[in-house]
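First comes the structure, then the notes that go with it.
Both ligands and their constituent atoms are indexed starting at 1 by order of listing.
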Amino acid sequence: MKEWTTFDTISKGKGIWLFDSKGNKIIDAVGSMWCNVWGHSNPQLIKAITTQSKQIQHSSLFNLTNEPVEKLAKNLIKISPGMNKVFYSDNGSSAMEIAIKMALQYWKNIGESKKTQIATVENGYHGDTFGAMSVGYVPEFFGKFKKQLFSTIQFPVPNEYRIPKELTFLDYQNNCLEKIEKRFSKKDNIAAFIMESGAQMAGGVIIYPKDFQKKISKLCKKYNILFVLDEIATGFGRLGSMVQYQEQKSIPDIVAYGKMLTGGYMTMAATLASKKIYDSFSGEFYDWKHLFHGHTYTGNPLAAAVSNENIQMYKKYNLIKKIQKTSKIFEKYYQEISNIDIVGDVRHKGMLMGIELVSNKEKKTPIRTKKSINKVFFEEGKNQGVYLRTLGNIVMLVPPLSIQENELEILLSRTIKTIKAAKSKII
Ligand SMILES: Cc1ncc(COP(=O)(O)O)c(C=O)c1O
């Protein structure tokens with residue numbers, strides 16, 4: 001942490017641009033932590049917040065409800081096949097805690113007390129709270145808390161860039177699936193399988209091969225295990241579909257949304273459950289089947305109002321189609337990026353690109369340095385007018401979803417210049 005002595009102050013944002021207090025402007029290549037949809041200072045989103053702020057700014061969802069959250073629940077159910085009810089929270093980690101609690105309690109509620117284990121995939125990420133850290137264990141992030149985390153059963157994810165020797169990519173995928181099935185069939189104590197939907201983000205932009213997620217969902221059905229998806233970073237258009245699990249043909253029992261839900265303007269998340277899950281919680285008062293979970297700002301009307309406007313704008317401006325078209329600009333730059341001598345792999349889907357940095361292309365050795373690669377890229381990026389943040393040895397491009405084609409070209413050219421400039425500082 002000593003490398004960060006001062007921080008630039010962002011005082012304004014407009015479209016894809018962030019302006020600091022000294023008057024410098026940089027492209028927001030990380031979409032302000034992967035959540036920005038329409039760029040900064042969008043008048044329609046601002047209006048939704050200000051209009052709602054004149055009615056009720058916050059009132060709790062304990063014993064009460066409010067109009068924006070009721071409308072939002074309908075909107076979310078409409079876009080989420082198989083889902084029936086919505087449970088609100090105010091950040092993605094909490095939404096995942098809720099998903100975990102729902103999944104574990106479901107089995108208790110229906111009288112199946114032996115199903116207590118959670119299965120996950122290696123290098124998944126679901127947030128920084130204790131339950132989320134347990135199910136999304138990334139050793140570098142959470143190693144210090146290992147003893148305090150609850151244990152999970154982890155399975156590998158096929159990574160096309162690192163296929164084990166002697167295997168084809170298809171063999172590798174089948175091996176991973178076989179490991180899952182073998183464990184599922186051995187002992188009937190798994191409550192739920194939890195994974196990010198479509199791709200692992202923080203775990204290194206690992207995009208699942210076609211049908212991988214679908215096959216896991218089928219195994220879950222076959223072995224009576226709940227299938228829980230995290231679409232916090234990958235849903236709402238980030239990978240090019242409104243609802244990623246629909247594209248993956250894998251309907252979950254529980255799914256979580258966050259980040260882009262409010263367009264990136266306020267803090268809100270939602271955990272959706274199927275009717276089967278919901279019904280298990282609705283006994284008589286004395287049955288104690290409730291889900292004991294709630295936060296002060298659960299169902300905040302300002303956040304719900306801006307979410308409703310955001311969802312409406314996706315439809316109005318055909319955002320998903322636009323993302324699919326604009327996303328092709330990334331492909332134009334694959335070759336140029338791959339040719340850089342410290343780039344080992346370029347992975348891309350929708351409005352997401354991960355550029356893996358290596359010190360030896362042939363051996364695919366990840367760059368390891370005592371310096372913070374993130375800091376080097378932040379500084380070099382700033383010199384080029386782009387705000388970049390790396391995760392380990394991966395440069396993450398996660399721009400506002402509505403970025404224009406010409407803007408994305410500028411972002412990519414500046415990223416290329418940044419990688420070249422950063423090289424001498426990290427090798
Ligand atoms: C897939 C995924 N799940 C959950 C979270 C946690 O969300 P939050 O940071 O809002 O708590 C993140 C955050 O990056 C994420 O990428």
Side-chain angles (χ1 to χ4, degrees), residues 28-37 87-103 118 120-138 140-142 145 149 152 154 157 192-208 213 227-239 241 243-245 248 250 252 254-272 293 295-298 300 303 306-307 310 347 349-354 374 389-392 394 396-399 401:
D28 188 356
V30 295
S32 289
M33 270 335 283
W34 316 347
C35 61
N36 193 288
V37 177
F87 198 108
Y88 291 107
S89 53
D90 42 19
N91 61 78
S93 308
S94 300
M96 288 310 295
E97 296 288 336
I98 293 161
I100 296 164
K101 284 168 78 172
M102 274 183 188
I118 303 271
T120 63
V121 282
E122 286 165 6
N123 278 311
Y125 177 82
H126 301 285
D128 287 346
T129 50
F130 272 81
M133 285 196 287
S134 301
V135 299
Y137 184 69
V138 180
E140 293 84 351
F141 299 170
F142 307 138
F145 307 106
L149 303 180
T152 59
Q154 293 196 359
V157 167
F193 192 102
I194 300 183
M195 67 193 291
E196 285 157 87
S197 189
Q200 293 186 318
M201 294 278 286
V205 186
I206 308 298
I207 295 155
Y208 306 144
Q213 183 169 318
F227 186 51
V228 178
L229 287 175
D230 177 345
E231 296 227 358
I232 289 159
T234 52
F236 270 73
R238 178 58 64 197
L239 298 186
S241 315
V243 172
Q244 185 51 212
Y245 72 75
Q248 303 283 343
S250 57
I254 299 169
V255 64
Y257 299 126
K259 292 205 187 267
M260 290 150 293
L261 174 60
T262 66
Y265 280 33
M266 297 209 59
T267 172
M268 180 172 240
T271 309
L272 279 66
H293 196 107
H295 298 280
T296 307
Y297 287 99
T298 292
N300 175 258
V306 72
S307 299
N310 179 38
R347 302 188 275 271
K349 188 169 181 184
M351 264 312 142
L352 166 71
M353 181 176 261
N374 177 37
R389 188 167 179 272
T390 64
L391 274 174
I394 315 285
M396 309 277 295
L397 299 183
V398 200
L401 292 177

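M201 does not count as a contact of ligand 1, since none of its heavy atoms falls under 4.0 Å from the ligand.
Residue-level proximity to ligand 1 for W34 is carried by the side chain, the only part with a heavy atom below 4.0 angstrom.
Taking a cut-off of under 4.0 Å to the non-hydrogen atoms of E196, the atoms of ligand 1 that pass are 1 (C). Per-residue contacts place S93 under 4.0 angstrom from the following atoms of ligand 1 (heavy atoms of the residue considered): 6 (C), 7 (O), 8 (P), 11 (O).
In the model, D28 has a side-chain atom that pairs as donor or acceptor with a side-chain atom of S32 under 3.5 Å. Using a 3.5 Å distance cut-off with no hydrogens or angles, the side chains of Q213 and S197 do pair a donor with an acceptor. For H126 and D230, the side-chain atoms include at least one donor-acceptor pair closer than 3.5 Å.
Atom 12 (C) of ligand 1 has Y125 CE2, 3.5 Å as its closest protein atom, hydrogens excluded (heavy atom only). Scanning all protein heavy atoms for the shortest distance to atom 3 (N) of ligand 1 gives D230 OD2, 2.6 Å. For atom 10 (O) of ligand 1, the nearest protein heavy atom (residue, atom name, distance) is G92 N, 2.8 Å. What sits closest to atom 14 (O) of ligand 1 on the protein, heavy atoms only, is K259 NZ, 2.9 Å.
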* To do: May I have the step-by-step check of side-chain contact (heavy atoms from CB on, under 4.5 Å) for E231 and Y245, ending in yes or no?
  => CA-CA 8 Å; E231 296 227 358; Y245 72 75; 3.3 Å; yes

* Derivation and outcome, side-chain contact (heavy atoms from CB on, under 4.5 Å), residues Q244 and E196 -> CA-CA 10 Å; Q244 185 51 212; E196 285 157 87; over 6 Å; no

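R347 is listed as a side-chain neighbour of I394, based on a closest heavy-atom distance under 4.5 Å.
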